[in-house]
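Here the structure is laid out as structure tokens; the discussion comes afterwards.
Just so it is clear, the model here is predicted, and its values are computed rather than measured.
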Amino acid sequence: MALRLYNTLSQQVEEFSPAHDNLVRMYTCGPTVYDFAHIGNFRTFVFIDLLRRWLRISGFQLDHVMNITDVDDKIIRNASAQGKSLDEYTEIYTKAFLDDCAKLRLEAPEHRVAATKHINDMVAAIERLGAGEHTYASDGSVYFRISTFPQYGKLSHNDFSGNIAGARVDVDTYEKADARDFALWKAPKEGEPFWESPLGPGRPGWHIECSVMAIKYLGETLDIHAGGVDLIFPHHENEIAQSEALTGRPFSRFWVHSEFLLVEGQKMSKSLGNYFTLRDILEKHHYQPEVVRYLLASVPYRKQLNFTFDGLKSAATAIDRLRNFKLRLDTEQFPEGVNEQLSSRTTRACRAFHDGMHDDLNTAEALAAVFEYIRDVNSAMDSKEFRVGNVPGAVELLSLFDSVFDVLSPAPSSGTLLDSEVESLIAERTAAKKARNFQLADQIREQLLDRGIILEDTKSGVRWKRK
RNA sequence: GGCGCGGUAGCCAAGUGGUAAGGCCAAGGUCUGCAAAACCUUUACUCGUCGGUUCGAUUCCGACCCGCGCCUCCA
């Protein structure tokens, strides 16, 4: 079975492979750094991380570019309100974004590129578009003329043909020739920052950065372009228009879009005020970042995900179950030999996991394969049917799972006890238990719990874990 | 209005033309000094509604109802 992905362009699930060699050229839309990103934003970034990881597990190499939009109207407005330069202002939120990404264990893309570092490339591209008569200037700004790109609408599956023919208006009296035309280069208003250029002073429009940086780093045709569904129109539609007008080639073979995170049935967004940042959840609500990662990863990316604290709690418990299984696997003594039936059970579980992920990143199905396996193996451990020889297979399955979901190892927490300190307290408690001094034994257990250490008495001795 | 996504147990959620995965929660049980972990049992005669096709539909077709989103900045 091969990897299949839903392609917004064709509105179908298609088998994926890169156009050239084994290398996947992928571009994904990153954040606009005007504020802290919220977990709705991170749903998409977690999805992109899953996609990255699964592509590599599927045997492909990656060349992935993610942009950081560090100039736009909101940034300019907020920076000026705080009396900061653009750079001073965006540095704060760029750093916050990268910190959050690290907490959520998002792999770094091969290239992280900032819009303001590519102004010259953008100006050059706009000039080339102008030479092809795809642009016009108006009030010091430069616009893309959509009537020069007949395929406009092919991604969002909108038909604009009627619109464009009838709506032609006088360029001199209206800013834009057509309502659908969009700015490539924006003239500065009073007091706004700008770059000097042959186009006149100004700053780039939102869409041009992605086309220019994608083509610069990855070539004229990408294998995958990804982002949230709200970018389909107009952002990605406009990227296609610019890029294909520029190169005459298809801009991206696959377009994949993740659905929204909802809160109480509505889109999580800054403007509605119904949003949580990662910081909110970690600091105010005391969840581990892995819990957020798991929750966002566990619902398949094309399904809207209603965010609730019940959902977070449920994710936390599910992670505990997975970690407990790993702990048991790592610490328990098993009888010699190998149980062939369980070996083939492991093979089946691995295949089911692969099949689920290959099926348009169906994480729910992949997870089900893992949990079913864990239940069966726990049961086999209880009945002593699980043997030493079955350990490597089980470890392999867990590591396959964790190479995608990456939630098994807890984030290191500061100010806790050293392993040796824990071990010596456990020894003390074991001695107390032997002496049937259960009061002291329980006291030590409580004391450890206060320091984030959980003890479990098993037949083969005490095992412990960090909360 | 156009385009798109979705409606499956208390919650999250997979899925197939042949009679409903998985996770969480809840109840009971096994184990245990207690606790934890783990396991077992119970929990949708039913998959938004109404028709149609079929031996048989949650799964195909049609109509309708409801929720969310995009069409302006937005993951």
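A salt bridge does not link Asp181(A) to Arg145(A): none of the charged side-chain nitrogens sits closer than 4.0 Å to a carboxylate oxygen.
For the pair Asn378(A) and A38(B), the criterion of a side-chain N or O lying under 4.0 Å from OP1 or OP2 is not met. Side-chain nitrogen and oxygen atoms of Arg445(A) include none within less than 4.0 Å of the OP1 or OP2 phosphate oxygen of C34(B).
Pro300(A) comes within contact range of the sugar-phosphate backbone alone, with a heavy-atom separation under 4.0 Å but no base atom that close. If you check every strand for non-hydrogen atoms under 4.0 Å, Met381(A) touches nothing.
By the salt bridge (charged side-chain N to carboxylate O under 4.0 Å, His left out) test, Arg345(A) is found to be paired with Asp376(A), residues two or more places apart in sequence or in another chain being considered. Applying the salt bridge (charged side-chain N to carboxylate O under 4.0 Å, His left out) test to Lys465(A) and every residue at least two apart in sequence or in another chain returns Glu456(A). The salt bridge (charged side-chain N to carboxylate O under 4.0 Å, His left out) search around Glu209(A) returns none, not counting sequence neighbours. Every salt bridge (charged side-chain N to carboxylate O under 4.0 Å, His left out) that Glu332(A) has, sequence neighbours left out, goes to Arg328(A), Arg463(A). By the ring-ring contact (aromatic ring centres under 6.0 Å, His included) test, Phe97(A) pairs with Phe42(A), Phe45(A), sequence neighbours left out. For Arg279(A), the side chain to side chain contact (heavy atoms under 4.5 Å, CB included) partners two or more places apart in sequence, or in a different chain, are Phe36(A), Ala96(A), Asp99(A), Asp100(A), Thr277(A), Glu283(A). Residues satisfying the side chain to side chain contact (heavy atoms under 4.5 Å, CB included) test with Asp330(A), not counting sequence neighbours, are Lys326(A).
Listed by first then second residue, pairs satisfying ring pair (Phe, Tyr, Trp, His ring centres under 6.0 Å) with a partner in residues 308-328 of chain A read Phe276(A)-Phe309(A), His285(A)-Phe309(A), Phe307(A)-Phe309(A), not counting sequence neighbours.
A 6.0 Å sphere centred on CD of Glu421(A) holds more than 12 heavy atoms belonging to other residues, nucleotides or ligands.
For Gln266(A), counting side-chain heavy atoms from C-beta on, the closest listed nucleotide (G69(B), A14(B), C73(B)) is G69(B). When distances run from any side-chain atom of Asp457(A) to the nucleotides C71(B), A38(B), C34(B), the shortest one goes to C34(B). Ranking G15(B), A75(B), A37(B) by closeness to the Glu365(A) side chain, first place goes to G15(B). Candidate nucleotides A14(B), C34(B), G22(B) were compared by shortest atom distance to the side chain of Glu372(A), and G22(B) ranks first. Considering only side-chain atoms of Arg375(A), the nucleotide from G15(B), C39(B), U72(B) that sits closest is C39(B).
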What string of B, S and - do you get for nucleotides 2-9 of chain B, 5' to 3', if B is base contact, S is sugar-phosphate-only contact and - is no contact with any protein heavy atom under 4.0 Å?
-SSSSS--
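Checking Leu305(A) against Phe233(A), the closest nucleotide of RNA chain B that is more toward the 5' end is the one next to Leu305(A). Looking at which nucleotide of RNA chain B each of Phe45(A) and Ile454(A) is closest to, the 5′-most match is held by Ile454(A).
For the segment residues 423-438 of chain A, the set of residues with a heavy atom within less than 4.0 Å of an atom of RNA chain B comprises Arg429(A), Lys433(A), Phe438(A), in numerical order. Listed by residue number, the members of residues 459-467 of chain A with any heavy atom below 4.0 angstrom from RNA chain B are Lys459(A), Arg463(A).
Of the possible donor and acceptor atoms, none in the side chain of Asp139(A) sits under 3.5 Å from a partner among the backbone N and O of Ser141(A).
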Can you name the atoms? Protein N/O to nucleotides 24-26 of chain B N/O, anything below 3.5 Å, with the distance.
{"residue": "C24(B)", "atom": "O4'", "partner": "Ser314(A)", "partner atom": "OG", "Å": "3.3"}

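Taking 4.5 Å as the limit, every side-chain heavy atom of Ser138(A) sits out of range of all side-chain heavy atoms of Lys176(A).
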